[in-house]
Structure formats: C-alpha cells, structure tokens
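Fair warning: this is a prediction, and the values are worked out from it, not measured in the lab.
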Amino acid sequence: MATFEQHRTSTVQRRRELFAQVCSVLDDRLDESELSVEEVGREVFASRRQVQRVMEDHGTTFRDELTGRRMERAADLLRDTPMTVRAIAHRVGYRQPAQFAKAFRRHHGAGPSAFRDAQRTTAWAVAA
C-alpha cells in the first residue's frame, strides 16, 4: 500500500508532466487564434479543471501562459526575421494586427516596430 508521501510525490510528478505537456501543445499551436483550455485539455487527456489547476500550481493561468508564449515567439520573430508585423501577428495567433500590437506593448513595454528598431540598434552597437 502506498504511503501518503509516495502518493503526494506521484501526484506532484504527474502535475509537472501535465504542465510540460500543456506547454508543448501551446508552443505547437500558437498560431491558432481560438485555442482554448478545453482543446488543450483534450489533447493532453485532461479535463479543463485539471489544466487550470496545473497552471495555478505553476503560478500562472492558461491565458497568461498562452499570451506570454505568443509574445516571446513574436519577439524572436521580430528580432530574427524580416517578416512584417502583420505576418508575425498571424503567426502567433492574432487575427488583428492592432490587437497584437496592444498585447505586445503591454507585455514588452514597446510596440512591435519600436521593439524591432531597438533590437537592430542594439545589434549594430554590439557589432561595432
């Protein structure tokens, strides 16, 4: 018979694994504008509530984690590609570039174009 500590360790490990699975799905499906906690739950064989609980265990929410990952991917694309802001917005799941720009500004403290310009200026300063 499993002890309480063994059961607790097993639960904690399962939740870590579930969090990793959810994050992997988010990374794979960032371009989907209507991605929901229910869809991700189905993909990782967990209920909506289980996904919410595991996100809470990691100090975040589904929506905040999704947005954060979208914003980090967008920053990488702005820094590393010549893609337009509109194309990047669509690539990270935003239908409207204006909504993307607002979310990006909220997350990074600068709009996408200003962020890109600052990254170029920094890169040129480092190269010089």
Side-chain angles (χ1 to χ4, degrees):
M1 177 148 261
T3 67
F4 174 77
E5 278 303 311
Q6 290 170 328
H7 178 69
R8 170 121 175 90
T9 301
S10 173
T11 300
V12 169
Q13 183 60 33
R14 281 196 309 264
R15 285 191 175 174
R16 276 192 204 121
E17 291 168 2
L18 179 57
F19 183 75
Q21 291 172 333
V22 167
C23 290
S24 178
V25 171
L26 292 179
D27 288 339
D28 291 344
R29 297 178 62 184
L30 285 180
D31 61 333
E32 297 178 30
S33 62
E34 299 296 324
L35 187 59
S36 72
V37 67
E38 292 85 5
E39 287 178 65
V40 173
R42 277 192 297 272
E43 193 159 328
V44 298
F45 305 103
S47 70
R48 170 191 172 98
R49 184 65 190 126
Q50 284 175 305
V51 172
Q52 290 171 329
R53 192 175 295 123
V54 79
M55 300 311 275
E56 290 169 11
D57 288 349
H58 287 82
T60 190
T61 65
F62 176 82
R63 187 63 41 207
D64 287 346
E65 189 68 23
L66 176 59
T67 300
R69 287 172 180 276
R70 283 178 168 165
M71 293 301 105
E72 292 309 311
R73 174 80 55 85
D76 290 344
L77 292 170
L78 285 164
R79 190 175 23 255
D80 300 335
T81 72
M83 292 173 67
T84 65
V85 171
R86 175 182 290 281
I88 291 171
H90 291 292
R91 176 74 62 90
V92 297
Y94 285 83
R95 290 183 184 163
Q96 300 296 324
Q99 289 175 334
F100 164 70
K102 184 176 180 179
F104 192 90
R105 190 174 302 106
R106 196 176 317 121
H107 188 83
H108 287 286
S113 296
F115 178 88
R116 178 177 268 166
D117 292 344
Q119 295 298 310
R120 287 180 180 159
T121 302
T122 303
W124 290 334
V126 170

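Considering all non-hydrogen atoms of both residues, Phe104 and Ala110 come closest at CD2-O, 3.2 Å. Heavy-atom minimum distance, Pro97 versus Ala89: CA-CB, 4.1 Å. Here the closest heavy-atom approach between residue Leu26 and residue Glu65 is recorded as CD1-CG, 3.8 Å. Of all the heavy atoms in Val92 and Phe100, the pair that sits closest is CG2-CE1, 3.9 Å.
Taking the charged nitrogens against the carboxylate oxygens, Arg49 and Glu56 do have a contact shorter than 4.0 Å, which makes a salt bridge. The pair Arg42-Glu38 fails the salt-bridge criterion, with no side-chain N (NZ, NE, NH1 or NH2) lying under 4.0 Å from an Asp/Glu carboxylate O. Checked for salt-bridge contact, Asp76 and Arg73 miss the test: no charged N lies under 4.0 Å from a carboxylate O.
Using cut-offs of 30° and 60° for the angle between ring planes, the His58 and Phe19 rings count as parallel.
Between the CZ atom of Arg105 and the NZ atom of Lys102 there is a distance of 9.5 Å, given to the nearest 0.5 Å. With rounding to the nearest 0.5 Å, the separation of OG1 in Thr84 from CZ in Arg116 is 8.0 Å. Atoms CG and SG, from Leu66 and Cys23 in turn, are 10.5 Å apart once rounded to the nearest 0.5 Å. In this structure, the separation between CZ on Phe45 and CG on Leu18 is 12.0 Å, given to the nearest 0.5 Å. Taking CZ of Arg70 as the start and CG of Leu77 as the end, the distance is 13.0 Å to the nearest 0.5 Å. With values rounded to the nearest 0.5 angstrom, Ser36 atom OG is found 8.0 Å from Arg63 atom CZ.
No single ILVMFWY cluster, assembled from side-chain heavy atoms under 4.5 Å apart, contains both Leu35 and Met71. Neither Met83 nor Leu30 shares a network with the other; the hydrophobic side chains, linked directly or stepwise wherever heavy atoms of I, L, V, M, F, W or Y lie under 4.5 Å apart, form separate groups for each. Note: the hydrophobic cluster containing Val51 also contains Val25 (ILVMFWY, side chain heavy atoms under 4.5 Å, direct or indirect links).
Under a 3.5 Å cut-off, the side chain of His107 and the backbone N or O of Thr67 do not form any donor-acceptor pair. No side-chain donor-acceptor contact under 3.5 Å links Arg48 to the backbone of Gly41.
Other residues, nucleotides and ligands place no more than 12 heavy atoms under 6.0 Å from the CZ atom of Arg86. Within 6.0 Å of CZ on Arg69 lie more than 12 heavy atoms contributed by other residues, nucleotides or ligands.
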Hey, mind stepping through Leu78 and Val85 against side-chain contact (heavy atoms from CB on, under 4.5 Å) and telling me if it holds? CA-CA 8 Å; Leu78 285 164; Val85 171; 4.2 Å; yes
Kindly determine whether Met55 and Thr60 satisfy side-chain contact (heavy atoms from CB on, under 4.5 Å), including the steps that lead there. CA-CA 5 Å; Met55 300 311 275; Thr60 190; 3.9 Å; yes
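Defined by atom type and a distance below 3.5 Å, a donor-acceptor pair is missing between the side-chain atoms of Arg15 and Thr11.
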